[in-house]
Amino acid sequence: MAEGITTREATIERWTAGLGEANGDPGGGAAAGVMLAVAAGLMSMVAGYSDAPEIRTRAQDLRVAALEAADEDAAASAAFGAAFRRDDEGREDAIREASLEGARSSARLGDRARAAIPDLEHLAVHGDRTLVADVAVAAAALRGALASARTNLSYDLATLRSAGWELDEVRAEHPALWATVAGLGDAIARIDGLTDRIDHRAAPTD
């Protein structure tokens, strides 16, 4: 972000204003980190009301880690843009490194989001029933983080074609990253199932 402001230090107004600038730092990956932090904050709150101290501690840790991940992704996004702006003989190598770092950043964030699903499922069943709407909002935020991480990871892997790779080569060279795309898709389906199970309680006027 401009003037070195980090996600953890900026006000919401300033951060979202930076998100709206045409510089990609922060970008969609950093936004995914913020969505994950929102989900973690809501989970911490519900756990606090629900006598679930271990879940609350994990959610509080996740909130901090998610904001750190947002800043890491903002830096990766800046490097990604710089690589594509190059016009020298090092351009392909720079694109390859920036694309891989962006993919790794998205995979790490996605893994953190996936790890939070069991705790959210527990809160949906055993948490304070008056806070089911907050659980549903947390699920929506977590789904947004997962979907964003999946999209960004897939896009970054595909961008390696600009560095001269074919997609089959990308899959062969980076099987774990490639498999993570499918894993995040499964996680999204799991969140959708959770949302469907609690929707009659969270939104009973439908």
Side-chain angles (χ1 to χ4, degrees), residues 1 7 12 15-16 18-43 62-63 65-85 94-117 120 136-196:
M1 287 185 65
T7 304
I12 292 175
W15 190 85
T16 53
L19 185 65
E21 293 298 323
N23 59 26
D25 175 15
V34 171
M35 284 187 276
L36 181 56
V38 169
L42 285 167
M43 290 172 62
L62 177 60
R63 185 189 65 81
L67 293 179
E68 291 174 349
D71 287 333
E72 290 171 2
D73 197 275
S77 180
F80 186 86
F84 273 88
R85 288 192 296 271
I95 289 174
R96 182 164 50 250
E97 290 305 313
S99 296
L100 284 173
E101 184 50 40
R104 293 182 186 112
S105 177
S106 294
R108 288 192 295 268
L109 192 148
D111 285 342
R112 290 187 176 104
R114 280 197 288 183
I117 295 176
L120 186 60
V137 175
L142 187 58
R143 189 191 194 283
L146 287 163
S148 300
R150 176 185 175 275
T151 298
N152 289 330
L153 170 56
S154 181
Y155 182 83
D156 286 338
L157 289 175
T159 300
L160 286 167
R161 289 178 295 185
S162 297
W165 292 30
E166 297 294 333
L167 285 181
D168 286 344
E169 293 178 281
V170 177
R171 177 165 46 190
E173 289 294 324
H174 303 283
L177 289 173
W178 192 278
T180 297
V181 177
L184 291 173
D186 292 341
I188 291 167
R190 186 172 171 180
I191 286 291
D192 288 344
L194 170 62
T195 300
D196 288 344

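Atom set for the values below is all heavy atoms of this structure, side chains included, hydrogens, waters and symmetry mates excluded.
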Next item on the list: Could you note down all residue pairs passing ring-ring contact (aromatic ring centres under 6.0 Å, His included) where residues 149-170 supplies at least one of them, sequence neighbours left out?
Entry: W165-H174
What are the two closest non-hydrogen atoms of [X] and [Y], and how far apart are they?
X: L42; Y: A138; value: CD1-N, 3.7 Å
X: R112; Y: A65; value: NE-CB, 3.8 Å
X: W15; Y: A31; value: CH2-CA, 3.7 Å
X: L153; Y: A103; value: CD1-O, 3.4 Å
X: L146; Y: I188; value: CB-CG1, 3.8 Å
X: L177; Y: A107; value: CD2-CB, 3.7 Å

Residue list, side-chain hydrogen bond (donor to acceptor under 3.5 Å, both in side chains) with [X], at least two apart or on another chain:
X: R190; answer: E121
X: R108; answer: E101
X: D111; answer: R114
X: S148; answer: none

Partners meeting side chain to side chain contact (heavy atoms under 4.5 Å, CB included) with [X] (sequence neighbours left out):
X: A149; value: L109, L184
X: T195; value: A139, I191
X: A141; value: V38, A39

How long is the straight-line distance from [atom2] of [Y] back to [atom1] of [X], given to the nearest 0.5 Å?
X: L157; Y: S106; atom1: CG; atom2: OG; answer: 9.0 Å
X: L160; Y: E97; atom1: CG; atom2: CD; answer: 9.5 Å
X: T159; Y: I95; atom1: OG1; atom2: CD1; answer: 9.0 Å

Next item on the list: Would you please name every residue forming a ring-ring contact (aromatic ring centres under 6.0 Å, His included) with W178, sequence neighbours left out?
Entry: none
Next item on the list: Provide the full list of salt bridge (Lys or Arg N to Asp or Glu O under 4.0 Å) pairs with a residue in residues 137-162, sequence neighbours left out, each pair given once.
Entry: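 Every pair satisfying salt bridge (Lys or Arg N to Asp or Glu O under 4.0 Å) with a residue in residues 137-162: R143-D192.
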Notebook entry, point to check: Pairs in or reaching into residues 163-181: which pass salt bridge (Lys or Arg N to Asp or Glu O under 4.0 Å), with residues at least two apart or in two chains?
Noted result: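 Salt bridge (Lys or Arg N to Asp or Glu O under 4.0 Å) check on residues 163-181 returns D168-R171.
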Notebook entry, point to check: Does the side chain to side chain contact (heavy atoms under 4.5 Å, CB included) test come out yes or no for V34 and L19, once each step is laid out?
Noted result: CA-CA 11 Å; V34 171; L19 185 65; over 6 Å; no
